[in-house]
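The structure under discussion appears below in the form of structure tokens.
Below, chains carry the letters A, B, ... as their sequence lines are ordered, and counting in each starts from 1. Model, not experiment: these values are computed from the prediction.
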There are 2 protein chains.
Amino acid sequence: MLSRREQDTYDFICNYINEHQQGPLLEEIAAGLGIKSKGVVHRYVKTLANAELIELISGRHRGIQLPSSEPVIDENAPVMPLLGRIAAGMPIEAIPDQNEINLADFFMGPGRFLLKVQGESMIEAGILPDDIVVIESCVTARNGEIIVALVDQQDATLKRFKNNQDGTVTLIPENHEMQPMIFESHRVHIQGVLVGQMRSYC
Amino acid sequence: MLSRREQDTYDFICNYINEHQQGPLLEEIAAGLGIKSKGVVHRYVKTLANAELIELISGRHRGIQLPSSEPVIDENAPVMPLLGRIAAGMPIEAIPDQNEINLADFFMGPGRFLLKVQGESMIEAGILPDDIVVIESCVTARNGEIIVALVDQQDATLKRFKNNQDGTVTLIPENHEMQPMIFESHRVHIQGVLVGQMRSYC
DNA sequence: TTGAAAGTTCTCTAAAAGTTCTCTATATTT
DNA sequence: AAATATAGAGAACTTTTAGAGAACTTTCAA
């Protein structure tokens, strides 16, 4: 986590490189932030380099760069062939421009985790008991998204989310045998939103 | 269970981080709750950290964070943390002896491929349009399995399989608006059986 | 090649923010 | 009535953040 002035320094560097296609001098950063000592700026710059937000070529004039993003190629990538669409019609209709799916790309991402589903409250959304759901951590959701919500710090459930804009929220099960539940907003804390689902039949 | 003011503090922190993308100062919380002493606020904050509702970077200014979804994900290995079961009950019930799922193990195997689902014929089995299904190639199936069947070398469909033992088979859609179809066995060729299913909400 | 310009490393200062106390008061429970 | 949990004030202290500036080393261009 960056302090205020570290953040300022980072913002300045990004803007500068954007405009000039080269890194700023320490003294330019200092002037830009209203700091008189380049030693101070150098301290911030080193912190940013440490956090790998920038790259620093030691000693070099204007040796501040944005990090070179080298795409890492995974040798044994979890890639499976995607043959086509299945339904009535031709035996199997090919899908143009997509002939494989990378499972990692499909499901994985920062802040994501899995939960096993218990109960039938989301059955009409195609989420069955013992399915695995992929959740991305966050604290807010848009209306209509399916979320993991913690009510009163006690009960975690998977439900469709609706903010009623009057200090209450509604958690909607996708099962016509169950009723939507209305809670005061402060009782409901969002743990994450649903981004994927998977099921094994073995 | 949290006391009233602890709950207030937690709500304030969540809202603050939501709006500002950074943690609040103790004095900002104090002002927000109408408390004059930052010592008091610090006591509440420590309780929340203790309950692991927030994370506290000791000493740091604005060092209040929402809990980092701890399990750090290695982008290169198709392994994701499996946190537990979700439903009513405890916040999240841990699953003993299984805390991660390897996507490759979960889905991949020799002779397996993917198909994208078109149509709603299997909707009551939790298989929706645009879902991806994992199929394992084979030429026979047991009753009750969901298979990819090719009828008259022309029409490939995903249906539940039943061998009637009288020279006919029944292909059963999981949608009460559609009718099961009976074919003479020689007209139906099994392409593979359903072993997995996945869906992305992004 | 050489000197100005730029980067690096330091020490020092001060304000801001977090931490740890003690003290008080009011409910609520036993 | 005593014990306990909750709620708040505020003082004293430590650590972090922010900045100034001096001394030094390295880079780079005339």
Hey, does B:Arg43 reach any base, or is it just sugar-phosphate, or nothing, if we go heavy atoms under 4.0 Å?
base

Quick one: which of D:dA9, D:dC28, D:dT16 gets closest to the side chain of A:Arg60?
D:dC28

Under 4.0 Å: is that the gap between some side-chain N or O of A:His61 and OP1 or OP2 of D:dC28?
no

With a 4.0 Å limit, can you tell me whether A:Ser58 has a side-chain N or O closer than that to the phosphate oxygens OP1/OP2 of D:dT26?
no

Looking at every strand, decide which applies to A:Lys38 at a 4.0 Å heavy-atom threshold: base, sugar-phosphate, or nothing.
base

Across the strands shown, which category fits B:Leu26 at heavy-atom distances under 4.0 angstrom: base, sugar-phosphate, nothing?
base

The side chain of A:Tyr44 lies closest to which of these nucleotides: D:dA18, C:dT9, C:dG18?
D:dA18

Could you state the atom-to-atom distance from CD of B:Glu27 to P of D:dG8 in whole Å?
17 Å

When we call it a touch if two heavy atoms are under 4.0 Å apart, what does B:Gly59 touch: a base, just sugar-phosphate, or nothing?
sugar-phosphate

Distance, rounded to the nearest Å, where B:Arg62 contributes CZ and C:dA17 contributes C1':
10 Å

Could you please name the option among C:dA17, D:dA20, C:dT8 that lies closest to any side-chain atom of A:His42?
C:dT8

Under a 3.5 Å distance rule, please check whether A:Asn175 uses its side chain to pair with a backbone N or O of A:Glu120 as donor and acceptor.
yes

Atom CD1 of A:Ile64 and atom P of D:dT27 are separated, to the nearest Å, by 16 Å

Measure from the side-chain N and O atoms of A:Asn143 to the backbone N and O of A:Asn163, and report whether any donor-acceptor pair falls under 3.5 Å.
yes

Of all the nucleotides listed (D:dG8, D:dG10, D:dG19), which has the minimum atom distance to the side chain of A:Val40?
D:dG19

Atom NZ of A:Lys46 and atom C1' of D:dG19: how far apart are they, to the nearest Å?
17 Å

Using whole Å, report how far CE of A:Met1 lies from P of D:dT16.
13 Å

Base, sugar-phosphate, or nothing for A:Ser37, non-hydrogen atoms under 4.0 angstrom?
base

Rounded off to whole Å, could you give me the CZ-to-C1' distance for the B:Arg4 and D:dA5 pair?
13 Å

Does B:Ser3 make a side-chain N or O approach to OP1 or OP2 of D:dA5 shorter than 4.0 Å?
no

Please determine, for the side chain of A:Lys36, which listed nucleotide (D:dA20, D:dT27, D:dA7) has the closest atom?
D:dA20

In chain order, what residues pass the ring pair (Phe, Tyr, Trp, His ring centres under 6.0 Å) check against A:His20, with sequence neighbours excluded?
A:Tyr16

Say you draw a straight line from OG of A:Ser121 to CZ of A:Arg160; how long is it, rounded to the nearest 0.5 Å?
11.5 Å

Is any NZ, NE, NH1 or NH2 atom of the basic residue among B:Arg142 and B:Glu145 found under 4.0 Å from an Asp or Glu carboxylate oxygen of the other?
yes

